[in-house]
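Read through the structure below, which is laid out as structure tokens, and then see the notes.
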Amino acid sequence: MDRFDAMLAFARVVETRSFTQAAQTLHMSKTTVTQLVQQLEARLRVKLLNRTTRRVNVTADGAAYYERVVRLLADMDDAESSVTRASSAPRGRLRVDVPSPLARMILAPAFAAFHARYPDIQVHMGVSDRMVDLIDENVDCVVRGGDPGDLALAARHVGDLAIGLYAAPAYLADVGKPSHPGALESAPHHIVGFLRSASGRILPCTFRRGIECVQVLGRYAIAMDDGNAYLAAGVAGLGALWLPHYMAAPHLASGELVPLLEDWSIEPMPLYLAFPPNRHMSARLRVFIDWVVELMEVHAPLAHGNVRAQG
């Protein structure tokens, strides 16, 4: 038994909770992964995993052993990287999930530069605003706006999205411009609602002017859980909407959207990059994170010039 392969197989089974998924990510057969874990258990004389037809769960002994294993694997990889970094480049497949407008308007247009810098990295980019289970879906990292929420994840604060209130000329021709944020709560005004996938609730917005602070939920006829669809509904005149400036900019230039309540400010939306805290961070994930940070310094700089970490 190769102890390194056995520990790697065990760690990946714990992270994916599946022998099949662990085998796929390690490019091994399921039989090989199963045998490696069984041999490891035999060597340690401890049951590390409980297996059922539907799920694989780690035992108490297995959980304690896993914590030691991931640190050991990370130390080994760092030792190898320190020797080979000068002569080799990050390589392999990286699975990420990002909001659809961010992918369409910032990440995809800039990706050619990332590929030129790291030609041996293949990025599988999921494009969604849904909740992603990084462990079960074997995703390396996600980029999300707002509170990262899941305390089981490590999160890096990579940017702050400046927010504004906008509406289409057709909407304003029908109902007029609101004079106060509170007007969005009653007829004839209405908004396009944005649904948070985690809770299924509408995302509210807080407006500030001097000492006055108003939180608005808004009346709505339609609510969306996808950023691109949400923007399209606003451009179509279905209601006012609060948007990151980078999403609104091209539609302001074309006249499809008009800014509203410009004497009020809206708190920027923090942008986080989250990843499993106990999984070894590969060189390819490190350089991807650095690339996202570089892009956000241009498109969504931190409001207070600091980077916060969680997890």
Side-chain angles (χ1 to χ4, degrees), residues 1-85 87-97 118-126 130-142 150-154 274-289 311:
M1 175 188 69
D2 185 302
R3 292 172 66 185
F4 175 82
D5 285 345
M7 288 188 292
L8 186 59
F10 165 70
R12 196 55 55 85
V13 171
V14 172
E15 292 166 356
T16 62
R17 301 176 193 176
S18 164
F19 280 87
T20 300
Q21 290 187 40
Q24 291 172 349
T25 63
L26 293 171
H27 305 291
M28 297 178 179
S29 68
K30 180 181 176 182
T31 300
T32 299
V33 171
T34 301
Q35 290 174 345
L36 285 169
V37 173
Q38 290 174 341
Q39 290 167 6
L40 187 61
E41 289 178 321
R43 176 185 175 83
L44 297 173
R45 299 180 182 177
V46 169
K47 189 174 183 61
L48 299 173
L49 300 169
N50 287 319
R51 307 158 179 83
T52 68
T53 55
R54 291 189 174 183
R55 198 76 166 176
V56 177
N57 294 310
V58 65
T59 65
D61 288 330
Y65 183 65
Y66 170 77
E67 296 296 330
R68 302 289 295 272
V69 163
V70 291
R71 288 197 295 269
L72 179 59
L73 292 174
D75 288 343
M76 291 174 67
D77 190 75
D78 287 341
E80 290 182 354
S81 296
S82 66
V83 175
T84 62
R85 190 173 290 120
S87 60
S88 64
R91 64 179 62 243
R93 184 174 299 168
L94 192 65
R95 294 193 63 194
V96 303
D97 198 277
Y118 304 109
D120 296 322
I121 297 179
Q122 290 180 313
V123 176
H124 285 201
M125 186 177 290
R130 68 183 179 87
M131 287 292 293
V132 174
D133 189 320
L134 278 75
I135 302 300
D136 279 358
E137 299 181 46
N138 195 34
V139 173
D140 294 290
C141 71
V142 297
D150 190 344
L151 297 178
L153 299 177
F275 47 91
N278 293 325
R279 181 182 295 180
H280 165 59
M281 184 181 287
S282 64
R284 57 186 176 272
L285 178 55
R286 286 194 188 99
V287 298
F288 180 81
I289 291 174

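All values reported here derive from a predicted model rather than from experimental measurement. All heavy atoms count here, side chains included; hydrogens, waters and symmetry mates do not.
Note that CZ of Phe275 is 10.0 Å distant from CZ of Arg286, once rounded to the nearest 0.5 Å. In this structure, Arg93 CZ and Gln122 CD are separated by 5.5 Å, a value rounded to the nearest 0.5 Å. We find the CZ-CE distance between Arg68 and Met7 to be 11.5 Å, quoted to the nearest 0.5 Å. Between Phe19 atom CZ and Leu49 atom CG the span is 5.0 Å, to the nearest 0.5 Å.
Inter-residue side-chain proximity for Leu36 and Gln39 is flagged as met; some heavy-atom pair is nearer than 4.5 Å. The shortest distance between side-chain heavy atoms of Met28 and Leu8 does not fall below 4.5 Å. Looking at Tyr65 and Leu48, their side chains come closer than 4.5 Å, going by heavy atoms from C-beta outward. Counting only heavy atoms from C-beta outward, the side chains of Lys47 and Glu41 approach each other to under 4.5 Å. When side chains are defined from C-beta on, Thr16 does not count as touching Val56, because their heavy atoms never get closer than 4.5 Å.
When all heavy atoms are compared, the tightest approach of Ile121 to Pro90 is CG1-O, 3.5 Å. A pairwise comparison of heavy atoms in Leu285 and Cys141 identifies CD1-SG, 3.7 Å as the closest pair. The two residues Tyr66 and Ala11 make their nearest non-hydrogen contact at CE1-O, 3.7 Å.
In this structure, the ring pair (Phe, Tyr, Trp, His ring centres under 6.0 Å) partners of Tyr118, at least two apart in sequence or on a different chain, are Phe114. With sequence neighbours excluded, the residues satisfying side-chain hydrogen bond (donor to acceptor under 3.5 Å, both in side chains) with Thr32 are Ser29. Residues meeting the side-chain hydrogen bond (donor to acceptor under 3.5 Å, both in side chains) test with Thr59, sequence neighbours left out: none. In this structure Asp5 satisfies the salt bridge (charged side-chain N to carboxylate O under 4.0 Å, His left out) test with no other residue, sequence neighbours excluded.
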Would you sort out whether Arg95 and Thr25 count as a side-chain contact (heavy atoms from CB on, under 4.5 Å), showing the intermediate values? CA-CA 11 Å; Arg95 294 193 63 194; Thr25 63; over 6 Å; no

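With hydrogens and angles disregarded, no donor-acceptor distance shorter than 3.5 Å links the side chain of Asp140 to the backbone of Val96.
Within 6.0 Å of the NZ atom in Lys30, the count of heavy atoms belonging to other residues, nucleotides or ligands does not exceed 12.
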